[in-house]
There are 4 protein chains.
Amino acid sequence: MPLPQPVYYPPFNITRSSHVIMTSRDLAASRAFYEQVVGLVLSDHDADTLYFRGLEEVCHHSLVVKRRSNTQCEAIGFRVLTEEELEKAAHFFKAKGLTTRWIEVPYQGRTLSVIDPSGTPVHFCATMQTKPRLYTQFENFKGGAAMRFDHYQVPVPDVQAQTDFYAEMGLRISEYMALDDKLLVAFMFRKPGTQDIVFLENPGPRLHHFAYTVSDSHSILRACDVAGNVGMGDVVERGPGRHGPSGVLFVYLRAWSCSVITIY
Amino acid sequence: MPLPQPVYYPPFNITRSSHVIMTSRDLAASRAFYEQVVGLVLSDHDADTLYFRGLEEVCHHSLVVKRRSNTQCEAIGFRVLTEEELEKAAHFFKAKGLTTRWIEVPYQGRTLSVIDPSGTPVHFCATMQTKPRLYTQFENFKGGAAMRFDHYQVPVPDVQAQTDFYAEMGLRISEYMALDDKLLVAFMFRKPGTQDIVFLENPGPRLHHFAYTVSDSHSILRACDVAGNVGMGDVVERGPGRHGPSGVLFVYLRAWSCSVITIY
Amino acid sequence: MPLPQPVYYPPFNITRSSHVIMTSRDLAASRAFYEQVVGLVLSDHDADTLYFRGLEEVCHHSLVVKRRSNTQCEAIGFRVLTEEELEKAAHFFKAKGLTTRWIEVPYQGRTLSVIDPSGTPVHFCATMQTKPRLYTQFENFKGGAAMRFDHYQVPVPDVQAQTDFYAEMGLRISEYMALDDKLLVAFMFRKPGTQDIVFLENPGPRLHHFAYTVSDSHSILRACDVAGNVGMGDVVERGPGRHGPSGVLFVYLRAWSCSVITIY
Amino acid sequence: MPLPQPVYYPPFNITRSSHVIMTSRDLAASRAFYEQVVGLVLSDHDADTLYFRGLEEVCHHSLVVKRRSNTQCEAIGFRVLTEEELEKAAHFFKAKGLTTRWIEVPYQGRTLSVIDPSGTPVHFCATMQTKPRLYTQFENFKGGAAMRFDHYQVPVPDVQAQTDFYAEMGLRISEYMALDDKLLVAFMFRKPGTQDIVFLENPGPRLHHFAYTVSDSHSILRACDVAGNVGMGDVVERGPGRHGPSGVLFVYLRAWSCSVITIY
């Protein structure tokens, strides 16, 4: 099992995982869950779309929820340093034989869409419109008072191949699990910390969960307490608990079929 | 300095310090402060009176604020076990040569009013109307989310005399400070814990502060954070800090001329 | 299902549930668990007995663990106000046809032992030797930093009979659960709060758990974290979570066959 | 007051502020303070030097304390991405007419030393020896349980010139304060967040403080509590409180003449 070497000078500069696009059958229920229990802020919405950001976030959205007949993840999103890096990214993916598209996404700068080798839809952009950071409006905090988008976990059948590919893009490994010579789990990061994206051997691609950070253990307990009291107690799927790898305090809140949020 | 002996079988059974009656020049400002920063619940109000209780409290009020031209404490209140104890109390005070009055107080059962030997107005009652406890309505918590009325501190010129008198009523000493043979501070309790009432040598009688308990250190920080963000940052008078005697984590929030709240 | 009426003037004055006597096959393991994970202080020990108290407690012990070939509860303990109350208690139990014994217990004042109608062994005493309170020695806190003994839960087959009997002794009901006309659970208290003893319909008598209070939610998380890291992760049986009745944040830590600790 | 433009492609890649080198008259007192109150881990020491790291840190040290006749800051340290970046840094500084030196620092890779235009001594290195991360050894946490080195604040007479210079090195401004056209304070960052280095108009260069992050508000309170109980209560200089810019919860702990630590 050869772990890929760190690539310090990658072909383009991803700064962090930045957002996910989810779908939902019931936007009203999604809004109630993300606002009241998770504590996200609704930046904007129209009849069929909700745009949320965390309390510390200045960028327009880190979670988009679209009305659809099923609930799943439509794409995961990365931020790159500048518009110039988007061009380098497009060049990189083309050289890999992957199909790229420039797409229009409301509130975002120029956005590159690609299907990665595992089949996961990924968006890249360098800029978003900005909104005020709300992290000192304590009197308006709700539920878990989620602060910042942190990472997503993507089950894939071939963790080694996926890890090798993302390593080429400059993501580095912080933790991994292997059985004999087989890589089963890889935590990969660009921003300082343990992870921007986690790969886990399982049928996929799909989204296992995405995670927001909170500022204090109290917020994790408060998210659960509010969930219980507003009639959403069954969203608390696992935890509060602490992961061995990364040492992070977490709770998994699962709303409907496949969206999951880890607060930590 | 002879400390009074514990009186295990007092002439009547006080169960705890239970409430204070304050006056205020500006009821709207008082309401904003107690609701938003301290996190009390408004049980009832009329044009000239506000009745507050803590989130855990089932009794109608632990803080009454009346519109007056100045801000001060009108009376401190104790709860006794039963109506029968009120009669015993009246008998006790009369035997001491103190003048007692039966007064009508909205939402309270029969209430005995007396001026104690230091000149402090004290109310005693056995019952109040009840309201729902709100301690699991986490989504409505505000500011410090004050839970229960805990104690008051009353400066008096003669701490020894005051302590001796309250000891006769069954209050016991948990902590005290003395200089040479002179008693300067006495912490006295009926309910388990460190204090229901604290006497401190100083011109008086007046009210130094009254205190509510909170469930977590986080609530103390939140009270300060909210105060700062809603334009009441100057109410944070001292702390957050920790007292040596009682070991309690506190913050003193002073609103206007003389009302002070310790959250701990 | 007639709930017993509150008895405000009981035949003798229990002030609170104060301690339990447990047995253990492995005193070294018991000591490691209670000191490192729960954070109790070892007040004294001999070859076959451990005496623990909480960080805030001044009395010698609230938990006694004796070396035996099995792990179970030997007795639960209540505190009464004065030695005089012990005499009244003995009188009360004799009038009920129960057998009482005066027993010698190290570090305790005169102690009355009785088997209650459900078969539960109960000890009553008015005094214990004292030790320093350690609640400001923050640098020595361990694990959950348990502060004060709070209550025990005793499964019994006939909750109604048990509740009626304890009500006669002055314990009052704060919460209960019933199915049709049958009382299934009763929370009873003497000290202010929700419970000193909880009865639950189940084969018994035996001890379901005993509980200590902690000062902050952080302590509950810390107890679990320490348990996990010192190789006792499997003691975390349930939680962290929050009970509906009493609204208390808890974790159940179960060490060996039957001792359980709720920290809250 | 022209704020410098962000430099997205700087001449060399600083990843973060990483360490400080302090001097102390009393190493024993320094050790006690940083271990017991701040909660740092002593990675190594010799007769005249202490090397500390935070609980999450894998690199050998983020704080070096050397025995000297006075207490001051000897240098601040930045980490760069690779050894190659060190060469680029040397080239950059020479082009600016600054004198650079390659120095030997125990436990560090090749280290570049330079005096910046304000007169501040700055060290750059790409690697350090590593030690185990200790962030899950909860049972050994002490005091504030400081996790990671975060930033330093450097008073300088000319904030504009200093900010312009560091902007050229790729540090970007997150917050600033200005009076009329004069820049008074600049918060600059490389890693995601509010600051790696803060400049403040004041006589200098010197070190105002350096800061570690903690994982929870509880750690800030615990640092103060331990300080008070082990006889170092006077190190608590300011706070606990919250900064407006960055919204960070903090406490300033000042030990001896000029070293200060902000925990947040």
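So that the names make sense, note that chain A is the first sequence line, chain B the second, and so on, each numbered from 1. Every value quoted in this text rests on a predicted model; they were computed, and no experiment measured them.
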When B/H218, B/E85, B/R133, B/R148 are compared by non-hydrogen pairs under 4.5 Å with chain C, the top option: B/E85

For chain C, the option from B/E84, B/K191, B/R16 that forms the most heavy-atom pairs under 4.5 Å: B/E84

Are the aromatic rings of B/H209 and B/Y252 close, with centres under 6.0 Å apart? yes

C/F210 and C/H151 aromatic centres sub-6.0 Å: no

Exactly one candidate in C/D216, C/V214, C/I220 meets side chain to side chain contact (heavy atoms under 4.5 Å, CB included) with C/L249; the answer is C/I220

Below 4.5 Å from any heavy atom of chain C, which atoms of B/Y135 appear? Answer side chain, backbone, both or neither. side chain

Please look at B/R242 and chain C and tell me whether the side chain, the backbone, both or neither of the residue comes under 4.5 angstrom of a heavy atom of that chain. side chain

Does atom OH of B/Y176 have more than 12 heavy-atom neighbours, drawn from other residues, nucleotides or ligands, at distances under 6.0 Å? no

Are B/E87 and B/R110 close enough for a salt bridge, meaning some N to O gap below 4.0 Å? yes

Side chain, backbone, both or neither: which part of C/T136 has a heavy atom under 4.5 Å from chain B? side chain

